[in-house]
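Data first, discussion second: the structure below is written as structure tokens.
Chain A is the first sequence line, chain B the second, and so forth, proteins listed ahead of strands; every chain is numbered from 1. On a predicted model such as this, the values are computed, not experimentally measured, just so you know.
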Amino acid sequence: MGCRGTYVSLEIGRINNERKIMITVKNLGKMYDDFVAVSDLNFTVERGETLCFIGTSGCGKTTTLKMLNRLIEPTSGEILLSGENILQQNVIDVRREMGYVMQRGGLFPHWTVKRNIALVPSLLGWPNAKIQQRVDELLDLVNLDPGEYRDRFPAQLSGGQRQRVGIARAFAADPPVILMDEPFSALDPVTRKQLQEKCIELKEKFEKTILFVTHDLEEAFLLADKIMIMDKGKMEQYDTPENIKNSPATEFVEKFLQSHE
Amino acid sequence: MKKIAIVLALLISLYANNTIKVGSKVFPESRLLGEMISILIEQNTSLKVERNLWMGGTKICFEALNSGALDVYCEYTGTAWNVVLKKKNRASADVVYKTLKKQFADTYDLHWMPPLGFNNTYVIVVNKEWSINTVSELVTVQDKIKLALNHEFMHREDGFYAMCKFYGLDLPNVTTMEHSLAYKAISEKTVDCTSAFSTDGKLVKYNLKALRDDKNFFPPYFAAPLVYGKTLRKYPELEPLFNTLAGRLNDEKMTKLNYRVEIKKEDFYDVAYEFLKVEGLIKEDSVKKERESQMTKLTRQHLLLVGISTILAILIGVPLGIFIGKYRSFAPLVLGTTGVMQTIPSLAILAIMVPIFGIGVVPSIIALTLYALLPIIRNAYTGIISVDPELIEAARAMGMTNMQILTMLEIPLSTTIVMAGVRTATVICVGTATLAAFIGGGGLGEFILTGINLNDNYLILCGTIPAAALAIFVDFLLSRVEKWIEPQGLKIQRELSN
Ligand SMILES: Nc1ncnc2c1ncn2[C@@H]1O[C@H](COP(=O)(O)OP(=O)(O)OP(=O)(O)O)[C@@H](O)[C@H]1O
Ligand SMILES: [Mg+2]
């Protein structure tokens, strides 16, 4: 056993160096009693890549995403982050390494914008001055004037502004990985477009690894380096947008693409 | 924290050293004697006096004294003989007093001071127009004299029938009626004779003559200060002081004093003070002590009862509510138990406390705390479970620990609803605390209780109106606190969504 363990980690180390692999998922599965929500997922994501999960409603996208920061505990498989199995690490530390953006922001209503954005940095014990500076920097980044918005409460923001703050919060402590679950689906088309562009900009600027759940195929093609199409808890196809468009792997993928044209 | 410190300081001052706690039973004579003892101590020693006058019946006063919650009150020999020593046999005044003195000292370390001199026992009273002077002489008029007796005296073992047998009387014209009605009937001359207590102030009012118990049928009820043993030893100046009261009163003097407080409604303090001065028991040049008015004192006690109970209920209820919000399987049990407690009438809860915790402030506070618990637990629970699960998920995803989620998210988001529960609980407490007086806990209920006992509507209103005003005021105050404590972001959210 000891030998094999060493061998595996050496191998991963090698792969990591060559292709800068950020996340490796092996045989990942989630069962609720007898119900299989997600089964047998295997994939890798490279540093700086954006991966979009897409599929029918209830196919297991959210479940998969939440297993990555252990909001849901997998019932089988492994998740390696930079080669380390996160299932064996302190869950709190794991989560602070990953930003998380929710559909409706999930901002704390009793905190100002500033305090919301500063959440993870202050949990990590950053000095105050550094936090202040970081908050303003992030507000600028998501195109909100710090002077105007810093001290507002979530109730005093529009849906799009709230989502911007949500993104800023996820980026605050500069985590290598960002998880997003349908972050733009509740927004109007114009705002959505702006935020999608902002997302591309941020990802390129900071080389973040982004895992992004959507049910909007257009959005997936726009943002993704890799797309994973899922159905009934299983991976149907995992490839670049071009490859998926040009050569659908299964009948399901073909139909799925057609139905979204 | 500061608030808690203040409350503790008040509590400590309540039980501070160098304070003699004087009690009395729930009738004017006992209270007047309590007042005399209080003034006597205040004017002749450096000790402070805490008046717990108008406390309750014999059992309550005795228990309080026996547990050290009181230092002294005036007891009656016959009552102690019956109620405490549970003796049924007849004995002379002297034997009764000596037996009591010895047995109380040996069994309870409670000490009888010398009797004050009057004997508040049963007497047979007649309209002054009748020429008879003793009970024996009743035999001479037994066919024509009309008696009105209350139910209790008719049927007591040492009551009417026993008396007739003892004196060889045959009194055919007897009706039963309430004491007060009997007095009235005598004054209207529809009856001639009734039973009474020998020092009842009404004897003066209705101009009645007491027949001398010439064969000593009625048991002796001599009043004397009864004192807690430790107190006597700790303050040796007290015993000689109590001795100065020995024999200072007789039936006639006591009846007149009772008449002044009971019928003339003179102030107890003033009557007691004047008596002591006339008797030379306090210095000629002494001045009346600054007295906290009864209203201020009872209001202060009331607020203290409510304040301590509510704070205790918060300290217990909020964590418990949060706990069952987090571990919901415990919720039905906890909410069910406190819910049942709430349906028990408050007076019953207070009554349950007496055999367990005795009487006084402590059991009152425990009962009130139990009573205030439900709204606080329920609201804390509701507050915790109504926090948007999406926010909790966001918090977990950001890497907050359960403790951080609780303190930074769930508790702040629940403050308003918790505060609303505290407000409800406090208002309930202000009302329920009026019942504390029934178990010697003090507070505004004392006015109500005294009023009921004396059938005095003014006194009842003295208790109910301030209590109601206090409830409204406290409600208003806490509604302000509720607004103030609400996190600003939530306030804005609420205002914008309106
Ligand atoms: N706690 C749970 N207990 C039982 N089944 C669950 C639970 N949570 C999710 N599921 C089931 O697991 C499946 C996958 O759920 P998931 O939320 O991952 O779907 P999704 O792909 O995100 O769907 P959508 O696009 O509607 O958000 C669904 O069929 C759902 O009913
Ligand atoms: Mg989903």
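Not a single donor-acceptor pair under 3.5 Å links the side chain of A:His110 to the backbone N or O of B:Glu486.
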Please lay out, stage by stage, how B:Lys491 and A:Phe153 fare under the test side-chain contact (heavy atoms from CB on, under 4.5 Å).
CA-CA 10 Å; B:Lys491 210 176 292 177; A:Phe153 287 100; over 6 Å; no

Go through the steps to decide whether B:Gln493 and A:Gln156 satisfy the test side-chain contact (heavy atoms from CB on, under 4.5 Å), and finish with yes or no.
CA-CA 8 Å; B:Gln493 189 178 36; A:Gln156 298 163 310; over 6 Å; no

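Looking at B:Leu496, the atoms closer than 4.5 Å to chain A (heavy atoms on both sides) all sit in the side chain, from C-beta outward. When heavy atoms are compared at a cutoff of 4.5 Å, A:Leu107 approaches chain B solely by way of its backbone atoms N, CA, C and O. Neither the backbone nor the side chain of A:Arg152 comes within less than 4.5 Å of any heavy atom in chain B. Only the side chain of A:Leu119 has a heavy atom closer than 4.5 Å to any heavy atom of chain B.
Shown here for B:Gly399 and A:Leu123, the closest heavy-atom pair between the two residues is O-CD1, 4.0 Å. Here the shortest heavy-atom pairing between A:Tyr100 and B:Met398 reads O-CE, 3.3 Å. The two residues A:Arg70 and B:Arg396 make their nearest non-hydrogen contact at O-NH2, 4.3 Å.
Taking the side chain as every heavy atom from C-beta outward, A:Pro109 and B:Ile492 never approach each other to under 4.5 Å.
Residue B:Leu409 holds its CG atom at 4.5 Å from CZ of A:Phe108, rounded to the nearest 0.5 Å.
Counting heavy-atom pairs closer than 4.5 Å to chain B, the top residue among A:Thr112, A:Leu71, A:Asp93 is A:Leu71. Between chain A and the options B:Ala397, B:Ala395, B:Ala394, heavy-atom pairs under 4.5 Å are most frequent for B:Ala397.
Within a 6.0 Å sphere centred on CZ of B:Phe473, other residues, nucleotides and ligands contribute 12 heavy atoms or fewer. The environment of CZ in A:Arg192 is crowded: more than 12 heavy-atom neighbours from other residues, nucleotides or ligands sit within 6.0 Å.
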